[in-house]
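Along the sequence shown, residues carry numbers from 1.
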Amino acid sequence: MCGLTGFLDSEFLDLDNLRARIQPMTDSLRRRGPDGDGIWLGEGVALGHRRLAILDLSEAGAQPMTSASGRLVIAFNGEIYNHLDLRRELEGEYAAMPWAGHSDTETLLAAIAHWGIDKTLCRATGMFAIALWDRQDRRLLLARDRMGEKPLYWGWAGQTLVFGSDLSALRQHPNFPMQICRAATAQYLRFCYVPAPRSIHPGIYKLEPGCVLEVDGFPPAAPPDRPLRPGERLETLSIRRYWSLNDTIESGVYAPINNEKEAFSSLDAALNRAVERQMLADVPLGAFLSGGIDSSLIVAMMQKQVAQSVQTFTVGFEEFGFDESPYAAAVARHLGTNHTEIFVTDHETRDVIPELPDLYGEPFGDSSQIPMHIICRAARRRVVVALSGDGGDELFGGYNRYLWGSNIWNRFEPIPFSLRRLVGATIQAVPLAGWNSLSCFDNYIRPKICGSGRLGDKAYRMAERLRNVRDRDDLYFSLVSEWSNPSELLLGTFEPCSQLDDPLPSILNKDPIARMMVQDMRSYLPDDILCKVDRAAMGVSLETRAPFLDPEVVALSMRLPMNMKIRDNKGKWALRKLLYQHVPPSLIDRPKAGFGIPVGVWLRGPLREWAEDLLKPEKLAADDLLNPLPIRRVWSEHLSGKRDWTYRLWNVLMLQAWRERHLGFRGI
């Protein structure tokens with residue numbers, strides 16, 4: 001795990017000027033790589049690297065690294081878990097391989113030199129972002145792993161093509177476009193993250209997962225009018241897929257495993273192999289343990305493979321209600337891990353908030369970013385690498401929306417859309433107080449039933465879906481949208497298309513749950529979940545690994561029919577069955593929960609002054625960006641307790657905090 005950056009320039013700067021530009025770009029990635037740095041300079045090109053040493057801690061693993069022939073230079077962020085297998089393949093085909101050390105970077109570079117980048121990446125199992133310079137052909141290649149575990153930004157700073165692991169590095173270039181992209185802002189307000197291929201800055205993009213970007217010769221002088229997508233070209237620059245999620249889905253659906261015994265056996269073997277590969281490290285290694293299905297299964301498989309106790313970590317919260325640490329501790333005791341619990345107060349949790357604009361580089365509105373960073377910070381005191389259960393929900397049907405989203409649609413679909421709109425309008429015609437009084441009455445007559453509080457919020461959300469949802473895909477967007485109409489907030493802009501508008505495999509047309517899962521895999525997983533984990537961990541120089549995202553496991557998950565993922569109104573059915581071989585159901589079976597922190601309560605209390613300052617009308621409207629009226633209305637309703645607008649407000653507040661930190665409010 002490391003950080004990379006660089007640029008390709010047509011100015012032919014001398015070496016001193018190249019170094020003067022690349023050095024601050026590289027230095028900005030220090031937290032990603034505290035163990036060393038390196039720079040390589042060529043004719044109009046510069047590569048920078050910060051190293052977090054995981055494999056081969058010697059100088060033989062230092063980067064940027066030049067191939068044995070001297071033709072290729074690489075800056076690499078990530079891990080190639082099967083690099084020893086690739087070495088054996090290379091040695092079988094090319095007997096005299098001049099290895100200098102045992103790093104996966106050296107293996108990867110040798111493989112690319114012999115097989116080419118596309119064939120190498122198809123054989124590689126790992127997480128990675130790669131910048132490769134071909135000195136002979138004057139060709140730049142950028143590549144990103146299949147599922148998007150490692151970030152890679154690229155774009156234009158003036159006429160220079162810049163790239164790197166983090167926007168902080170690109171911003172160090174003197175010609176970087178320090179403006180805000182309104183199209184990206186519209187998407188952010190809807191989803192609470194900026195979906196690839198856009199970034200928050202105009203002309204700066206995210207390379208999509210499973211893709212290679214190639215520049216032959218000099219880069220184009222200016223960015224395109226819209227983001228370049230896989231299969232498209234702009235002069236000397238092109239993007240292509242070396243791996244396709246859609247193809248993997250279709251291959252799996254056409255070769256299903258319908259026999260449950262075979263399915264469990266295959267999944268158990270694939271996950272164990274993935275865990276074994278990802279435990280390869282020359283530094284201390286552990287795992288996150290929440291006590292949920294995903295992390296518990298990963299830890300159980302880790303513990304089964306080693307004699308010593310696995311180091312596990314969880315975070316508990318002393319001053320507010322939701323706390324998973326007792327569940328994690330019970331699982332840890334059963335498995336015999338060396339378990340660490342860190343308990344933090346409300347005040348300590350809130351202290352993370354000022355760090356968020358720098359940690360995430362662009363606006364990011366998932367409030368679980370806070371406890372994620374806290375647990376990473378705790379783990380880094382003991383280990384350098386931590387395995388996680390990320391990806392289990394998307395691949396095996398774990399989110400609640402998969403369970404009841406389809407039920408909602410089955411009730412909606414028979415009703416003509418015009419009638420649904422009328423019913424929705426009728427619901428919203430009843431004042432919130434009226435709906436909430438009904439919930440109070442219901443709780444009074446059924447005190448032993450878990451209360452139906454805030455019935456008005458639920459009724460209004462249902463009414464909004466009745467009025468706007470036309471088909472299954474509309475329903476998905478309504479479930480994952482925070483501000484369902486961003487154009488109401490943005491002044492003079494539009495909401496563009498994203499990769500979520502790309503066609504899904506036609507074989508999924510009749511399976512609404514599978515369609516939701518695939519949409520999550522191609523956007524929510526890389527741009528929210530994996531982004532959250534990567535930035536939270538890299539902020540403390542911790543490497544995280546996700547065995548569920550191993551290519552073998554991903555491909556196998558596509559072969560399991562839906563009734564092996566969701567059954568008896570429970571998600572992750574196959575994973576549960578595997579976990580029950582290691583942990584009693586009584587320690588696991590409980591309602592799904594995430595990292596819960598009382599942000600909504602804090603906004604009415606200790607965070608109110610901070611929020612009020614960021615939500616001042618003049619700051620919202622600075623640079624003619626946001627319309628203050630709907631935001632101030634939501635803020636007023638939240639403060640009064642009339643509505644719970646926690647997530648909408650956090651979304652806007654993270655945008656405002658980012659603007660204040662990186663752009664200032666220049667319109668004031």
Side-chain angles (χ1 to χ4, degrees), residues 1-6 22 26 29 32-42 45-91 94 97-135 140-146 149-152 163-165 169 212 242 277-283 285 384-385 534 538 541 543-545:
M1 183 75 69
C2 306
L4 67 88
T5 190
I22 194 63
T26 306
L29 298 171
R32 283 187 170 270
D35 298 330
D37 69 331
I39 286 173
W40 185 90
L41 306 174
V45 65
L47 296 177
H49 187 266
R50 293 289 317 191
R51 186 183 185 195
L52 176 61
I54 303 294
L55 294 174
D56 193 345
L57 309 186
S58 73
E59 282 301 306
Q63 299 184 51
M65 185 180 290
T66 304
S67 64
S69 68
R71 175 176 175 176
L72 304 178
V73 186
I74 193 171
F76 162 60
N77 167 29
E79 301 291 343
I80 306 299
Y81 304 124
N82 67 334
H83 88 96
L84 296 177
D85 295 332
L86 296 178
R87 281 200 175 203
R88 284 188 284 270
E89 286 188 53
L90 287 166
E91 290 165 350
Y94 311 95
M97 295 298 296
W99 303 116
H102 65 272
S103 73
D104 56 342
T105 307
E106 186 181 13
T107 306
L108 179 65
L109 187 55
I112 294 171
H114 286 88
W115 297 327
I117 193 166
D118 292 73
K119 289 183 179 179
T120 296
L121 298 184
C122 287
R123 296 186 189 196
T125 295
M127 56 177 183
F128 48 82
I130 298 168
L132 183 80
W133 177 245
D134 185 330
R135 300 172 68 186
L140 174 69
L141 294 163
L142 305 178
R144 193 175 178 203
D145 63 66
R146 295 167 177 84
E149 292 184 68
K150 293 294 100 189
L152 186 52
F163 51 87
S165 300
V212 173
Y242 68 86
R277 281 191 288 263
Q278 296 196 20
M279 291 180 72
L280 180 66
D282 294 334
V283 292
L285 176 144
V384 184
V385 178
D534 174 81
M538 284 289 90
S541 307
E543 174 171 298
T544 54
R545 301 176 177 180

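- Between the side chain of T125 and the main chain of Y81, no donor-acceptor pair closer than 3.5 Å is present.
- The closest donor-acceptor contact from the side chain of D145 to the backbone of M127 lies at 3.5 Å or more, if one exists at all.
- When side chains are defined from C-beta on, K150 does not count as touching S165, because their heavy atoms never get closer than 4.5 Å.
- Judged as a side-chain hydrogen bond (donor to acceptor under 3.5 Å, both in side chains), and not counting sequence neighbours, the contacts of R545 are E543.
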- Evaluate the side chain to side chain contact (heavy atoms under 4.5 Å, CB included) criterion for residues I22 and T5: first the C-alpha distance (whole Å), next the side-chain angles of each, then the deciding distance (0.1 Å), finally the verdict. CA-CA 8 Å; I22 194 63; T5 190; 3.9 Å; yes
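- A salt bridge is defined here as a Lys NZ or Arg NE, NH1 or NH2 lying under 4.0 Å from an Asp or Glu carboxylate O, and R123 with E89 meets this definition.
- Of the possible donor and acceptor atoms, none in the side chain of D104 sits under 3.5 Å from a partner among the backbone N and O of H83.
- E106 places a side-chain N or O within donor-acceptor distance of the main-chain N or O of G101, the cut-off being under 3.5 Å.
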- Message: Could you go through L142 and L152, starting from their C-alpha distance and side-chain angles, then the distance that decides it, and tell me whether this counts as side chain to side chain contact (heavy atoms under 4.5 Å, CB included)?
- Response: CA-CA 8 Å; L142 305 178; L152 186 52; 3.9 Å; yes
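- With N77 contributing its side chain and A129 its backbone, the two residues share no donor-acceptor pair below 3.5 Å.
- Residues satisfying the side-chain contact (heavy atoms from CB on, under 4.5 Å) criterion with V384, sequence neighbours excluded, are L52, I54, V283, P284, R380.
- Judged as a side-chain contact (heavy atoms from CB on, under 4.5 Å), and not counting sequence neighbours, the contacts of T105 are Q63, M65, I74, F76, S103.
- Salt-bridge formation is detected for the pair R32/D534: a Lys NZ or Arg NE/NH1/NH2 atom is positioned less than 4.0 Å from an Asp or Glu carboxylate oxygen.
- Applying the salt bridge (charged side-chain N to carboxylate O under 4.0 Å, His left out) test to pairs two or more places apart or on separate chains, those with a residue in residues 68-77 are R71-D134, R71-D137.
- By the side-chain contact (heavy atoms from CB on, under 4.5 Å) test, A143 pairs with I117, L121, I130, V212, sequence neighbours left out.
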- Message: Between W133 and L141, is the side chain to side chain contact (heavy atoms under 4.5 Å, CB included) condition met? List the steps.
- Response: CA-CA 6 Å; W133 177 245; L141 294 163; over 6 Å; no
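- Under the 3.5 Å distance criterion, the side-chain polar atoms of D37 are left unmatched by any main-chain donor or acceptor of G48.
- Taking H102 as the reference, nothing meets the ring pair (Phe, Tyr, Trp, His ring centres under 6.0 Å) condition, with sequence neighbours excluded.
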